[in-house]
Amino acid sequence: MRLLWANFVAIYRKELQGYFATSLNYIIAAVYWFMAGVFYIILFNAVQANVAAQDLQGQAGLGAPPVDVPAVILENYLGVLGFLSLFILPLLSMNLFAQERQQGTLELLATSPITTTMVTVGKLAGVLTFFITLLVPVMFYESLTLLQSEPPFSFWLILLGHGALVLLAAAILSLGLFISATTESTLLAAVGTFALILLLWILQAVADRLSGVPAAIFRHLSLLQNYTSLIQGSVSTTNIILFLSYGILGVFLTVQWVDGLRFQRS
Amino acid sequence: MTYGIIEPISRLSGQNNNFMITVEHLTKRYGSTLAVNDLNFSVDAGEILGFLGPNGAGKTTTMRMLTGYMPPSEGTAKIAGFDVLEDSLAVRQRIGYLPETPPLYREMTVQGYLHFVASIKGVSAGDRPRRVDWAIERCGLTERRHQLIRKLSKGFRQRVGIAQAIVHDPPVIILDEPTVGLDPKQIIEVRNLIKSLAGDHTIILSTHILPEVSMTCNRVVIIQKGRVVATDTIDQLLNRSDNRTQYELKLSGNLQALQAALAQFPDLAGVQTQSDGDNHLVTVTTNGDTDIGPELTALVVQAGLRLYEMNRRRATLEDVFLQLTTSEDTAEDEVFASETAADS
Ligand SMILES: Nc1ncnc2c1ncn2[C@@H]1O[C@H](COP(=O)(O)OP(=O)(O)OP(=O)(O)O)[C@@H](O)[C@H]1O
Ligand SMILES: [Mg+2]
């Protein structure tokens, strides 16, 4: 057990170091922050304007219910962040195994006394940590603005909402990890991952055209559907379990594939 | 594969004979190509074994099976008594491996990389700095230790590759073409390093450079098209050749007297002459390894010739190698033969 932990730490540290040593990742981070910032400003102003209009109507005696402005902003914004992440996450996961294969370091890992599972889990933890650091500044400016409201908005709600985003990211990155293990080309890995998660994202749209059991299954598997219900504040274990299942499935498939890679060549 | 129980890395192990590495009926197929065909050999503890063969002979494939990177199609390989398939973890704890392409992370520094390798090889955190320093020093990397690997030249990358194979002080070291890309001075240093590791370590190295084998290895396995064509010590291999000795003489003067005298000489396989005006190159080949040098010089003097140069050429490992690997003369092998001849 201690040895497994030591293996995990070794891989995790190497991955993190790698993320911070790669210039591409700084570009990705910059683009993400820029887009996220722009969308935040747009959204913030739009919601404010909307609310102001409703307030006017309220004063005119038309009787619209009061709106929890911070909650509306956060919910919509998390939706935007989730969508943005669809484009960022494949770029973060594309290198994970493809590069090891391409530069021959898989041969080092595979002939070392560590298990493929620990390599995979260590990599996933590394990339997820990187993604979480991407979210820190975002949460910072959200807190700055949203916590100003009256009555005060809870910081825990912000944290919880982003927890949903991290769960979504874990699921996507884990699948991306698997795709990355299936090819030596990082470009293919990125494109393949993007295609797969786009498909899982829009399963809901497919479900809307169907009815009965297939519709229910598709809706259940859809990333968007589960993510939306989480950020709307209805924290349900089925949503969480679904994301975790995607995560575990990705790890499992990766381990099978990487071990199989050596064995299947016979 | 069992991952649960992990015993400490130990030189002592489940082996019940003196062999550190045993290979039996090892076979590997890639689809329909037979890359390795029924290999059998074993390596004593503390020995350096040279693994010699032309391109595509199956050296890399064999090493990949020995390290557990690929499973054999048939047959078994055991390291320190542990089967590479069944006790994969125990095997992986006991080997250091330099693959054909050094497995390097370009964005790491030399030192950071060796620390990482030491950690995944199971070196305890306390021992790592000492082991890394040792490997850096032994591989002549002291001045480059803080450099990014991506900025190193090919030769230095190769050295980092060797350093990662020995950083955890494994009892068995497997090196796939360790001196590729090194300059002559480094080649000598790496050979000395390898020799100094013998005794405590059991080493297999592959190469197609012949001097490498004769200078570093105790024993050679020569393979050709996936099959062992010879396993022997260097001396034995040399004895195996047909023992001819050649003398090359550079002379000037009238050759007729000498040629007449040589015709009378017993036990000669042949005499060849190349002439350029008054200058001659005479090649005399004997049948056994009899030493006819003194007699030859006497004849030259008697014939009134002037002698500028005289060389004796014994059968070399190269001759043996060429003999063994070109038996089924294909065009491909001939290309290779002329290449090795030029190599040394
Ligand atoms: N991954 C692979 N898939 C299919 N065939 C392969 C593969 N790797 C090697 N081979 C084939 O197996 C044979 C042995 O190759 P191997 O790489 O072991 O040779 P080698 O002795 O290491 O040669 P070299 O001196 O060029 O490194 C060759 O015919 C090669 O084409
Ligand atoms: Mg090779």
Side-chain angles (χ1 to χ4, degrees), chain A residues 1-26 95-123 126 130 184 186 255-256 258-266, chain B residues 1 3-6 9 27-31 61 63-74 84-85 88-109 112-113 115-125 148 150 161 164-165 168 170 174 176:
Chain A
M1 205 55 214
R2 275 207 15 237
L3 220 102
L4 287 184
W5 176 248
N7 290 340
F8 170 80
V9 172
I11 298 290
Y12 177 71
R13 281 182 50 186
K14 175 217 136 208
E15 287 295 315
L16 268 195
Q17 260 170 18
Y19 272 105
F20 289 103
T22 311
S23 38
L24 176 68
N25 289 328
Y26 288 96
N95 272 332
L96 289 172
F97 265 105
Q99 203 172 33
E100 304 270 4
R101 283 183 61 175
Q102 189 225 341
Q103 68 195 4
T105 40
L106 196 60
E107 203 161 349
L108 167 67
L109 297 179
T111 56
S112 295
I114 51 174
T115 65
T116 311
T117 310
M118 280 303 117
V119 174
T120 308
V121 174
K123 279 176 171 292
F130 185 77
E184 276 185 26
T186 49
V255 173
Q256 293 305 307
V258 172
D259 281 344
L261 213 57
R262 289 145 45 203
F263 286 69
Q264 129 211 107
R265 282 195 211 142
S266 49
Chain B
M1 272 183 263
Y3 291 125
I5 309 152
I6 288 148
I9 298 179
T27 301
K28 180 76 186 178
R29 279 185 212 94
Y30 292 110
T61 306
M63 294 188 143
R64 284 180 160 173
M65 289 190 281
L66 285 179
T67 55
Y69 182 63
M70 278 181 179
S73 305
E74 272 161 49
V84 291
L85 265 191
S88 165
L89 186 67
V91 169
R92 284 181 281 152
Q93 282 174 333
R94 286 166 179 78
I95 53 164
Y97 174 39
L98 170 69
E100 198 163 40
T101 35
L104 305 176
Y105 292 103
R106 297 163 46 80
E107 301 299 334
M108 286 187 177
T109 63
Y113 170 70
H115 262 280
F116 167 68
V117 175
S119 70
I120 60 170
K121 298 289 182 181
V123 178
S124 70
L148 285 181
R150 139 173 90 81
Q164 66 77 35
H168 52 302
I174 296 175
D176 200 348

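Residue numbers start from 1 in every chain, and the chains themselves are labelled A, B, ... in the order their sequence lines are given, proteins ahead of strands.
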Tell me whether B:R92 contacts the main-chain N or O of A:T111 through its side chain, where contact means a donor paired with an acceptor under 3.5 Å. no

For the CZ atom of B:F116 and the OG1 atom of A:T105, what is their distance to the nearest 0.5 Å? 8.5 Å

Proximal to chain B - members of residues 15-26 of chain A, heavy-atom separation under 4.5 Å: A:Q17, A:A21

To the nearest 0.5 Å, what is the distance between CZ (A:R13) and OG (B:S119)? 7.5 Å

Quickly, which of B:R94, B:H168, B:Q93 forms a side-chain contact (heavy atoms from CB on, under 4.5 Å) with A:P113? Name it, please. B:Q93

Heavy-atom proximity to chain A below 4.5 Å, by part of B:I95: side chain

Checking heavy atoms, do the side chain of B:E100, its backbone, both or neither come under 4.5 Å from chain A? neither

Non-hydrogen atoms of chain A under 4.5 Å away: do they reach the side chain of B:L104, the backbone, both or neither? backbone

How long is the span from the CD atom in A:E107 to the CE atom in B:M63, to the nearest 0.5 Å? 11.0 Å

How close do A:A110 and B:Y69 get, counting heavy atoms only, and between which atoms? CB-CD1, 3.6 Å

B:L98, B:T67, B:I120: which one forms the most heavy-atom pairs within less than 4.5 Å of chain A? B:I120

Examine whether an atom of B:V117 lies under 4.5 Å from a heavy atom of chain A, and if so say whether it belongs to the side chain, the backbone or both; otherwise answer neither. side chain

Once you round to the nearest 0.5 Å, how far does CD of A:E100 lie from OH of B:Y105? 3.5 Å

